Amino acid sequence: MGEYNFKEVEKKWQEKWDKTKPFKAIDFHPTKPKYYVLYEFPNVSGGNLHLGHLKGTIPADVLARYKRFCGYNVLFPIGGDAFGLPAENAALKTGTDPREFVKNGMKKFKEQFKAIGLSFDWDRSFCTSDPDYYKWTQWIFLQLLKHGKAYKQRGFVNYCPNCKTTLSNEDSQGGKCDRCGGEVIQKERNVWYLKMKEYSEKLLQNVDRVQMAENLKQSQRNWIGKSEGMKVKFKLEDKNGKDLSNLEIFTTCIETIYGVTFMAVAPENKIIDTLKTHITNLDEVLAYRKKTELRSEFDRKSDQKEKTGCEIKGIYAVNPLTGRKIPVYAADFVLNGYGTGAVMAVPTHDQRDYEFAEKFNIPLIQVLEGDVSKQAVEKGEYLANNSKLLNSAEFSGMPVKEAKPKIIEKVEKLGLGEKVTNYQMQDWSFNRQRYWGEPFPVIFCPHCGVVPVPEKDLPVLLPRTNDYNPSLNGDSPLAKIKDWVNCKCPQCGRDAKRETDTMPNWAGSSWYWLRYTDPHNDSALADYEKLKYWGSVDCYTGGTEHITRHVLYAFFWQNFLYEIGAVPTRDPFIRKMGSGLILDDQGKKMSKSSKNGVSTMEVIDKYGADVARMHVHFLGGYEDNTPWTYQGITGITSFLDKVWSLQDMIKGEGISKEHIFALNRLIKKVGEDYENLHLNTAISALMIFMKKIKDDKFITLDELKAFLVLLNPLAPHITSEMYEKVFKGDILTETWPKYDEKYLVEDVVSLPVQINGKLAKVISVPNEATEQTVMEIIKASHQSILTGEVIKTIYIPGKILNLIIKK
RNA sequence: GCGGAUGUGGCGAAAUUGGCAGACGCGCAGGAUUUAGGUUCCUGUGGGAAACCGUGCAGGUUCGAUUCCUGUCAUCCGCACCA
C-alpha cells in the first residue's frame, strides 16, 4: 500500500463519473422506487463557490448516494438560477452580454461542483434564462392570465430609486431593497399582480403539511399574517345629522367597541374622494394625503414614529351600539392595503390609538379593567387576565371571554357586521423594469386591449441590445428597442406594442423542480406521466434566507398548476431542510460582501474533497450555524489516513465475532443519521468503529466492504479507490448492508446501579436479565453497595437499577 | 411590541417514549519511538484536596430531570404603526 494521493485519486474518479454517468436518473424505472433529492440551485454568479455551498450541497449528495445504495432510483439534479442581478450588474459594468456571463458562470460552477464530488445528474441541467426553459415560465404566466390570476393595475408600489425598478413586498422586507440594500419608496406605477393573496389559506396548509423546522414555518405563517376579526359598518353623517354613507372598518377587538372615541382612515382611503363635497377642510386633508405619500421614506429611517393625522371636518361617524357621534381622522398609521383601510380607534386599549388620542386631545373611554393612565391596556394583557368589561351597557361586568361572543352575536344580529379573516400577505407584484428577465408574453393593442401572445408563438425571446440601463422615466431597457416593442396585434392584426417590463427573478425559480423531471420537453412544461412518476421532491435542501419568498412562491405556483390540471401533485416538497450558515471566527455570516469568505476550492486544494466534505459537517448539524475553522481538520485527515491503512489489516472473510455487534450497530446508526442529515454523528460513529478495528488490529474482507459502503456517501473518492483496489470492482454496484436486530445488543451488558438515585456501581449482567437475577448477582459479587435495607427497587431492563435503601 | 429558536467543558459539539451528562474531534498535559518534528503511538483531561458540586437562573413533578411543567434572564433570527 502506498501513500494516499488525494489529488490524483479524486481527479481520477471525478473524470470517471463524468464519462460513465452512473448517477443518471431513470424515468419510469421498472423495479426501483423513486427518490427525489433537490438542492436549491445557485444564483449564477461569476465567482467561486463559497463554503455555504459546501455546507448546503453535501447533505443532499450524501442522501442521494445513500438512497442509491438502498435501491432507489434517485433524481438529484442541478441547474442555474440565471436571471437577475449578478449577470445584469456585470452587463451594466462591463457591457458583457448577460448570456455570456451566465454561460461562463455555469461552466465554472459545474467544474467546482464536480471537484466536490457531487453526484448530480448533469444531463438534466438547465438555466432559467435558457429560452426553452423560460418559454414555459411564460406559458405559466399565460395560464395565470387566462385563469384571472394575473392583472395589471395602477397603484402604489414599492420602488427602488437606485435600481429604478418596482419590487414586491417580499423583495422589500424591512423597507430595504433586496437587490441593492437601498431604501424603498412608494411610487405610483402600472403593475402586474399575481393573485397570491387568494391562496393565503392554501399556503398556510402547505406550511402545515411540509416537514420543516418550526422557526421556518413560523416566519412563513407570520408573513401570511392571518388574523380573524370582524368587519363593522359605522354610519357617516354630516354635521346636521344627515346620513352620508357607511364607513367599514376591520377589528379583531370587537369587545372594545363601547370605547371607540374616534375613527381613523388611511390617507389614501377613497371615502375622502367620495365625500369631498361634505368635507369642510378638504384642502387640508388633501395636503395631508400628499405629505404622507412622500413620508414613508424617512419614516423608516427615524426610530421615533411620531403619530400624524388630520381631522376630516364636516363628517362624523356614529357608533352603531351607542349612537355616539365621533370624529373621523385621516392618519397614516392606518394602512390602506390592510383590512378595509379604516379602523375604529379605542385609545384605552390600543397603544397606537392611545398615542394618537393623546396628541390630538381626544377623550378616552375605558371599557376594560386595567391602568390606562400612562398607556393602553393591550389585547394580550387583558385577554391573559380575562379582565371584565366596563362602561359597555349590558356587557359591563362580564369577563372578556364571555362578552366577546355575545357582542359579536349582537353586531351580527343587527346586521352591522360579519366575521372576516384578514391576511397580511398581498398580491405578488410581478414586473420589474430591468433587462435581464423573462419578457411578458403580452401585447397591448389600442383596439383589443391586453392580448396574450398565442402559446404557439412562445417563447417571446428576450431581444439583444447593448444598452442595459433603464430609461430615465423608469421604463425598462426593452422599451428602447423599438423594432421589438412595435408588433402586430395577434387578434386584429393592427399595430400594437409589447409589454416591456420583465418578470422578477423569482419567476424562474418558482417551478424549476418540475422541469427536472423532463427538462427537454418541447410540448409541455413537463410530461404529465413523468411528473406523476417523480412526484413531490422528497427532500429539498438549501438556504433559509429566501424562506418567505421562494418557498411561498413555490407553494403558490404549484397549487395553481395543480388546480388547472397541469401537474399531478399539489405539494412541491415533502421535506424542506434549511441549511445553517457558515460563520467566520467573529461569529459573522460568511459572505462575499463582508469579504470574510473562505472559498471551497481553497479547502479542496489543501485537503481534498473528501476531507472538506467531512470536516464542514463534523463541525455541527446541518440546520445549525457553525463557525468555520481549519482547527480540527487534522481529526478528519488522520481518520481517512487510518481508513486507507485498513488495506494492510485485512484478515479473513465473513463477519468476525469480534466485530459483529459493532458493525451491526454501525449500519443502523449511520443509515438513520444519513436519513436525517445528521452527518456529524454519523462521522463520529464511523470513527468509533475505526478505533475498535485499530485496537483489534484486523478487519475481514466483508467487514471492510461494508465499512467502505457506509463511508462512501461522505467520502466517495477514497472509498471508491479502495474498493477498486481490494475488490476489483465499482463500489457503486454495492447495496447498503443490512443489520440484524439480534446483533444490536450483546449477551452481556453493563447495567448502572443507583442507590437512592445516585450511581453506585456499573455491573455486568446478562442481556434481558430479570430483576431477580440482577439482585442475585449483586448479593453474590457486589454486596458492598448494599449499605442498608432495600425498601424499594426500580428496574428497567438494559437501562438502570435503582435501589432505595433505608439506613 | 409580537412570534420562533437556542442556552451543556478551554473550543466545535453528543445524549428523546425521563435512566451512567460531556460520546466523537480539536486543544492541552505527561510519556514512548525518532537525528529532528507542526510525524506516529500510548495515557490523562468538567470543577473540587475531599465529602461533594455540576447542562443560563429560581422553583416544581419524579425513585431518577440536559430531557417534562411554571416563572425568569441572556443570545440569535423573523415580522413590525397589520387594527
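Sequence lines set the chain letters: A, B, ... in the order given, protein chains first and strands last, and positions in each chain run from 1. Just so we're clear, the structure is a prediction, and the values are computed from it rather than from any experiment.
- Taking atom C1' in both B:A51 and B:C24, one finds a spacing of 33 Å when rounded to whole Å.
- Taking the ring axis of A:F333 as reference, the NZ or CZ atom of A:K307 stays within 45° of it and closer than 6.0 Å to the ring centre.
- With salt bridges taken as basic N to acidic carboxylate O contacts below 4.0 Å, none links A:K359 and A:E355.
- Remark: the separation of the P atoms in B:A29 and B:G47 is 15 Å, to the nearest Å.
- Checked against the 6.0 Å centroid criterion, the rings of A:Y193 and A:W428 do not qualify as a close aromatic pair.
- Side-chain atoms of A:Q218 lie closest to B:G3 of the nucleotides B:G3, B:A83, B:C53.
- When the P atom is used for both B:G31 and B:G37, the distance is 13 Å, rounded to whole Å.
- Each of A:T548 and A:V343 was assigned the nucleotide of RNA chain B with the nearest heavy atom; the assignment lying further toward the 5' end belongs to A:T548.
- The nearest whole Å value for the distance from the CD atom in A:E789 to the C1' atom in B:C63 is 16 Å.
- In this entry the distance linking CD of A:E623 with P of B:U6 reads 11 Å, nearest Å.
- The partner of B:A80, taking Watson-Crick or G-U wobble pairs whose two distances both stay under 3.5 Å, does not exist in any strand shown.
- Look at the P atom in both B:U39 and B:C26: the space between them is 12 Å, to the nearest Å.
- For B:G64, the base is anti relative to its sugar; the glycosidic angle deviates from 0 by more than 90°.
- Rounded to an integer number of Å, the gap from OH of A:Y338 to P of B:A80 is 13 Å.
- Across B:G3 and B:U8, the matching P atoms stand 25 Å from one another, rounded to whole Å.
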Exercise. Sugar-phosphate means primed atoms, P, OP1 and OP2; the rest is base. With that split, encode nucleotides 19-34 of chain B 5' to 3' as B, S or - using protein heavy atoms under 4.0 Å.
Key: BB--BBSS--------
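- Between A:K576 and A:E40 there is a salt bridge, since a side-chain N of the basic residue sits under 4.0 Å from a carboxylate O of the acidic one.
- Nucleotides B:C81 and B:U75 place their C1' atoms 27 Å apart, quoted to the nearest Å.
- Distance A:N222 CG to B:C79 C1': 4 Å, rounded to the nearest Å.
- Between the NZ atom of A:K374 and the C1' atom of B:G1 there is a distance of 19 Å, rounded to whole Å.
- Between the CG atom of A:L581 and the P atom of B:A5 there is a distance of 18 Å, rounded to whole Å.
- For A:N756 and B:C63, the CG to C1' distance is 8 Å, given to the nearest whole Å.
- Considering only side-chain atoms of A:W223, the nucleotide from B:G4, B:C79, B:A13 that sits closest is B:C79.
- In summary, the aromatic rings of A:F356 and A:F262 are positioned with their centroids under 6.0 Å apart.
- If you check B:U55 for Watson-Crick or wobble pairing at under 3.5 angstrom, you find it has no partner at all.
- The separation between A:R549 atom CZ and B:C79 atom C1' is 14 Å, rounded to whole Å.
- Taken from CE in A:M230 to CD1 in A:I407, the straight-line distance is 10.0 Å, to the nearest 0.5 Å.
- Judged by a 6.0 Å distance limit and a 45° cone about the ring axis, A:K694 is not positioned over the six-membered ring of A:F689.
- A:Q772 CD: 12 or fewer foreign heavy atoms inside a 6.0 Å radius.
- The C1' atoms of B:G22 and B:G27 are separated by 16 Å, rounded to the nearest whole Å.
- Distances shorter than 4.0 Å separate some side-chain N or O of A:S227 from OP1 or OP2 on B:A83.
- Nucleotides B:G10 and B:U17 have their C1' atoms positioned 36 Å apart, rounded to a whole Å.
- Under the Watson-Crick and G-U wobble criteria, each requiring two contacts below 3.5 Å, nucleotide B:G19 is paired to B:C63.
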